[in-house]
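Chain letters run A, B, ... following the sequence lines, proteins first, then strands; residues in each count from 1.
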Protein chains: 2
Amino acid sequence: MATERPDLAAMLYPLVRELIALELPVLAAHDVSMWGYSVLTALDDTPVRTQAALAEAIGADKSRIIGTLDELQQAGLIERTPDPADRRARLLSITPQGRRVRRTVRKEIQAQEEQVLTSLAPADRKTFVRILQELHDAR
Amino acid sequence: MATERPDLAAMLYPLVRELIALELPVLAAHDVSMWGYSVLTALDDTPVRTQAALAEAIGADKSRIIGTLDELQQAGLIERTPDPADRRARLLSITPQGRRVRRTVRKEIQAQEEQVLTSLAPADRKTFVRILQELHDAR
DNA sequence: TATTGTTATACTCTATAACTATA
DNA sequence: TATAGTTATAGAGTATAACAATA
């Protein structure tokens, strides 16, 4: 008998692909890239003192997010001001407009996501999200 | 009130990254690439009549798996013979050695995967895998 | 003319390292 | 000299389209 099941990654990977495919149109409709949305999410929780710290927080390289920050700043969604105490560093924060965009996008994305779970029984749907959140919080 | 939680993709993506990071050393130890392992898994379940069909089954482009098939064939893990009835097509099947490699790799990968779930209560661990498998079977 | 497999090309992402400006 | 940010370069992965061989 026994543990005859696909690998976790083999099951999770297609799921992630599907979720991303659902998110992209939402993000495009609001002129935000995936990395941009990730930045807005991180900054909505708490401002950050350096770009390197932000990059690490979202699992990116510091050189990789620069274009993203340029876009977000130009769109008025974030502020990037030199730290008066150390003008090498850039103080990063989300603007009220950025907050609005982030919340709107999240609402729409989470609505889409429910579709992916429709094949599950309602109880399982809640359970899955709960356990997933525990896994997420554990890292 | 309030569905205040991270997006599913935001929680699943880091999980997948971690799982892949765990798998890579196992695969490397057996000289199989990620796509190679994916091909072996697909062919272990059932042989396939064309490369295009195999590619679609594993979510890849038909041009993308050619290098992978070359490697697997040269390593004696798969067979690729022209269909006598239609010599354009290549009949694909796994060899006994390929089957052995696939099973060994899977055993080692699934052992590693348990680590990722250690933060969960044992009951939740089983529940998570069960629901995930339902989601996977539903597509 | 259509289809299978293959090769070639270009495009996107990412990682690394050089560069500048501050300290 | 060390650090934050930026820019430049190269590498990997992927998608697209052209190509050769069969049908």
Side-chain angles (χ1 to χ4, degrees), chain A residues 9-10 13-14 16-21 23-25 27-28 31-39 42-43 47-74 78-93, chain B residues 9-10 13-14 16-21 23-25 27-28 31-39 42-43 47-74 78-93:
Chain A
Y13 195 78
V16 169
R17 300 265 291 198
E18 191 178 340
L19 286 166
I20 290 178
E23 292 188 10
L24 287 179
L27 292 168
D31 268 306
V32 182
S33 69
M34 187 75 75
W35 285 113
Y37 178 58
S38 182
V39 167
L43 290 181
V48 169
R49 212 190 65 83
T50 72
Q51 296 183 181
L54 173 64
E56 202 198 334
I58 64 176
D61 190 87
K62 62 172 178 166
S63 71
R64 224 165 66 194
I65 64 169
I66 290 183
T68 303
L69 295 178
D70 291 345
E71 288 169 15
L72 291 173
Q73 185 179 21
Q74 194 159 6
I78 67 168
E79 270 183 352
R80 179 159 56 157
T81 60
D83 183 347
D86 180 349
R87 299 219 309 278
R88 292 173 304 181
R90 306 270 178 277
L91 301 173
L92 300 169
S93 59
Chain B
Y13 194 78
V16 170
R17 300 264 292 198
E18 191 179 340
L19 287 166
I20 289 177
E23 292 188 9
L24 286 180
L27 292 167
D31 270 305
V32 182
S33 70
M34 187 77 73
W35 285 114
Y37 179 57
S38 182
V39 166
L43 290 183
V48 169
R49 212 190 65 83
T50 73
Q51 296 184 181
L54 173 64
E56 202 198 336
I58 65 176
D61 190 88
K62 64 172 178 164
S63 70
R64 221 164 69 197
I65 63 168
I66 289 183
T68 302
L69 295 179
D70 291 346
E71 288 167 16
L72 291 173
Q73 185 179 20
Q74 193 159 9
I78 67 166
E79 270 183 354
R80 180 159 55 157
T81 59
D83 183 348
D86 179 350
R87 298 219 310 279
R88 293 173 302 181
R90 305 272 177 278
L91 301 173
L92 300 168
S93 60

S.K.: Calculate the interatomic distance between A:Asp83 atom CG and C:dT22 atom C1'; express it in whole Å.
M.R.: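 Distance, rounded to whole Å: 12 Å.
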
S.K.: Measure the distance from CE on A:Met34 to P on C:dC13 and round it to the nearest whole Å.
M.R.: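 Spelled out: CE on A:Met34 to P on C:dC13 is 10 Å.
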
S.K.: Indicate whether OP1 or OP2 belonging to C:dT6 is found under 4.0 Å from a side-chain N or O atom of B:Arg80.
M.R.: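 Affirmative; the distance criterion is met.
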
S.K.: Whole angstrom is fine here: how far is it from CD1 in B:Ile65 over to P in D:dG13?
M.R.: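 To the nearest whole Å, that distance equals 16 Å.
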
S.K.: If you find the nucleotide of DNA chain C closest to A:Arg64 and the one closest to B:Ala53, which residue's nucleotide is nearer the 5' end?
M.R.: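 Upstream on the strand: B:Ala53.
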
S.K.: For the pair B:Arg80 and B:Asp70, evaluate side chain to side chain contact (heavy atoms under 4.5 Å, CB included) and give the outcome as yes or no after the intermediate values.
M.R.: CA-CA 9 Å; B:Arg80 180 159 55 157; B:Asp70 291 346; 2.4 Å; yes

S.K.: A:Asp86 CG to D:dA2 P: how many Å, rounded?
M.R.: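 Whole-Å distance recorded here is 17 Å.
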
S.K.: Of the options C:dT4, C:dT14, D:dG5, whose atoms approach the side-chain atoms of B:Thr50 most closely?
M.R.: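 Looking only at side-chain atoms, B:Thr50 lies closest to C:dT4.
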
S.K.: A:Gln51 has an atom CD; how far is it from atom P of D:dT3, in whole Å?
M.R.: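 In whole Å, D:dT3 P and A:Gln51 CD are 17 Å from each other.
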
S.K.: Please compare A:Lys62 and A:Trp35 by the position of their nearest nucleotide in DNA chain C and report the one closer to 5'.
M.R.: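 Nearest-nucleotide comparison on DNA chain C picks A:Trp35.
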
S.K.: Taking the side chain as every heavy atom from C-beta outward, state whether A:Leu54 and A:Leu69 have any pair of such atoms under 4.5 Å apart.
M.R.: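 Touching, per the 4.5 Å side-chain cut-off.
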
S.K.: Crowded around A:Glu79 CD? As in, over 12 foreign heavy atoms under 6.0 Å?
M.R.: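 Incorrect, the count does not exceed 12.
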
S.K.: Round to the nearest Å and state the distance from B:Leu91 atom CG to C:dG5 atom P.
M.R.: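 To the nearest whole Å, that distance equals 9 Å.
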
S.K.: The side chain of A:Arg88 is closest to which nucleotide in this list: D:dA4, C:dT4, D:dG5?
M.R.: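 Out of D:dA4, C:dT4, D:dG5, the nucleotide with an atom closest to A:Arg88's side chain is D:dA4.
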
S.K.: With respect to the side chain of B:Ile66, which nucleotide from D:dT6, D:dA23, C:dG5 is positioned closest?
M.R.: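 Shortest atom-to-atom distance from the side chain points to C:dG5.
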
S.K.: Reading DNA chain D from 5' onward, which residue's closest nucleotide shows up sooner: A:Arg17 or A:Ala89?
M.R.: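 With A:Arg17 and A:Ala89 compared, the 5'-side residue is A:Ala89.
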
S.K.: Measure CZ/B:Arg90 against P/D:dA20 and give the value in whole Å, please.
M.R.: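 For the pair B:Arg90 CZ and D:dA20 P, the rounded distance is 16 Å.
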
S.K.: Applying a 4.0 Å non-hydrogen cut-off, can you work out what A:Asp61 is touching in the nucleic acid: base, sugar-phosphate, or nothing?
M.R.: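 Answer is base: heavy atoms of A:Asp61 come under 4.0 Å of a base.
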
S.K.: My understanding is that only one of B:Arg90, B:Arg88, B:Arg49 makes a side chain to side chain donor-acceptor pair (under 3.5 Å) with B:Asp83; could you say which?
M.R.: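 Passing option: B:Arg49.
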
S.K.: From C-beta outward on B:Ser63, which listed nucleotide comes closest to its side chain: C:dT14, D:dT22, D:dT16?
M.R.: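 Of the options given, the side chain of B:Ser63 lies nearest D:dT16.
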
S.K.: B:Leu92 CG to C:dG5 P: how many Å, rounded?
M.R.: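 These atoms are roughly 7 Å apart.
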
S.K.: Are any non-hydrogen side-chain atoms of B:Tyr13 and A:Leu19 less than 4.5 angstrom apart?
M.R.: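 The answer is no, as the side chains (C-beta and beyond) never meet within the 4.5 Å cut-off.
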
S.K.: What I want to check is whether an N or O donor and acceptor connect the side chain of A:Arg87 with the base of C:dT22 at under 3.5 Å.
M.R.: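 Answer is no: no donor-acceptor pair is held.
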
